[in-house]
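First up is the structure itself, then whatever we jot down about it.
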There are 2 protein chains.
Amino acid sequence: MLVEDTLAHTLAQRGYKLTQPRRAVLKVLAAAGATLTPAEIHRRARSHCLHTGLVTVYRTLDLLTACGAIRKVHHADGCHAYALASGGHAHHVICECCQSVVEFDNCDLGTLLAAVQRRTGYQISGHWLELFGLCPNCRP
Amino acid sequence: MLVEDTLAHTLAQRGYKLTQPRRAVLKVLAAAGATLTPAEIHRRARSHCLHTGLVTVYRTLDLLTACGAIRKVHHADGCHAYALASGGHAHHVICECCQSVVEFDNCDLGTLLAAVQRRTGYQISGHWLELFGLCPNCRP
DNA sequence: GCCCACATTGAAAACGGTTTTCAGTTAGGA
DNA sequence: TCCTAACTGAAAACCGTTTTCAATGTGGGC
């Protein structure tokens, strides 16, 4: 199934309507292999549905985030970008040059978490890991 | 040496003046064992130096961040908080209840990074790890 | 200890991203 | 096809952050 259809299905399944502007946002997210800011998503969405408003972009991003279909990623200079999240627990590797992003889910932090827990006394319930680097295309 | 003095030394060493408002911000940061937002730092700083402006708080935070003495921490709902960073590479464990924070530096991600690098083709140059949980005081 | 250059300050205004408001529009089940 | 609740876009509100600028304070030199 196409990524766009998967996203559409996710929304439809929860009773949300599939309007033209929403579909435009889904298309953009499905086509992008990189992290995108709301503004950039808005710009691209207009080529699919001319009158798409920035407000609708934000609202759709909120919906998809709540569904777990996308995830906010945090760059050094702020946390304004979104990336597809293929469900379940996963993390992202982000290219510092072209912003391209891939997921990975084999985050085996068990040993580390246990050590920190023992040392600090904190009962750790969640973690957050993001990797930065250069994708194969951006290497010199 | 007191934390406040360490911070003051860091600034003085680089030729920055130690003004009353700046000292107030340092005091607040040194006394807080938790992550603080600029607004909260401002509120507290006023009890040390009455007329401290929010602008000065931001400017001082920028200086200290540039020096590596503090670090911006990223919560799920935004990245508006700062925490002391005792120099060098380190990460934070943050209490989801009271925002208290402790550092840990034994982040042995070597194996994980190598695996991801091999699997994705990305040349990984940096990472970012934050742990969330409950501190000993906030556990039921 | 006093002076002076210049870094630093605070108030207000500007700024940019995000959210709310609200009247008009649209999707999709009956 | 019709109807209603969900959805929409434009504008305004909002909020955290940055810039501007004239006034002030620090700390090195004397």
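Convention: sequence-line order gives letters A, B, ...; per-chain numbering from 1. Owing to the predicted nature of the structure, the values given are computational and were not obtained by experimental measurement.
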Interface residues of residues 48-55 of chain A with DNA chain D (non-hydrogen, below 4.0 angstrom):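 Those residues whose heavy atoms fall under 4.0 Å from DNA chain D, taken from residues 48-55 of chain A in numerical order, are A:H51, A:T52, A:G53, A:V55.
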Consider the side chain of [X], meaning its heavy atoms from C-beta on, and name the nucleotide among [options] that approaches it most closely.
{"X": "B:K17", "options": "C:dT9, D:dC7, D:dG25", "result": "D:dG25"}
{"X": "A:H80", "options": "C:dA27, C:dT21, C:dG17", "result": "C:dG17"}
{"X": "B:Y16", "options": "D:dT20, C:dT8, C:dG17", "result": "C:dT8"}

More than 12 heavy atoms from other groups under 6.0 Å of CZ on A:R119: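 For A:R119, atom CZ is not crowded (no more than 12 foreign heavy atoms under 6.0 Å).
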Which atom of [X] lies closest to which atom of [Y], heavy atoms considered:
{"X": "B:T65", "Y": "B:L61", "value": "OG1-O, 2.7 Å"}
{"X": "B:F132", "Y": "B:E96", "value": "CB-OE2, 3.5 Å"}
{"X": "B:T120", "Y": "A:P136", "value": "O-CG, 4.2 Å"}
{"X": "A:L36", "Y": "A:A32", "value": "CD1-CB, 3.4 Å"}
{"X": "B:I124", "Y": "B:L113", "value": "CD1-O, 3.9 Å"}
{"X": "B:I94", "Y": "B:E130", "value": "CD1-OE1, 4.0 Å"}

5'-most by nearest nucleotide on DNA chain D - B:D62 or A:V57: A:V57
Measure from [atom1] on [X] to [atom2] on [N] and round the result to the nearest Å.
{"X": "B:L11", "N": "C:dT9", "atom1": "CG", "atom2": "P", "value": "10 Å"}
{"X": "B:R14", "N": "D:dG27", "atom1": "CZ", "atom2": "P", "value": "17 Å"}
{"X": "A:R59", "N": "C:dT26", "atom1": "CZ", "atom2": "C1'", "value": "14 Å"}

Using a distance-only test with no angle check, is there a side-chain donor-acceptor pair under 3.5 angstrom linking [X] and [Y]?
{"X": "A:S100", "Y": "B:Y122", "value": "yes"}
{"X": "A:Q99", "Y": "A:H75", "value": "yes"}
{"X": "A:H91", "Y": "A:H127", "value": "yes"}

Heavy-atom side-chain contact between B:D5 and B:L26 under 4.5 Å: no
Strand-adjacent residues in residues 34-46 of chain B, judged by heavy atoms under 4.0 Å from DNA chain C: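 Within residues 34-46 of chain B, no residue comes under 4.0 Å of DNA chain C.
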Of residues 18-25 of chain A, the positions that come close to DNA chain C - non-hydrogen atoms, cut-off under 4.0 Å: A:L18, A:T19, A:Q20
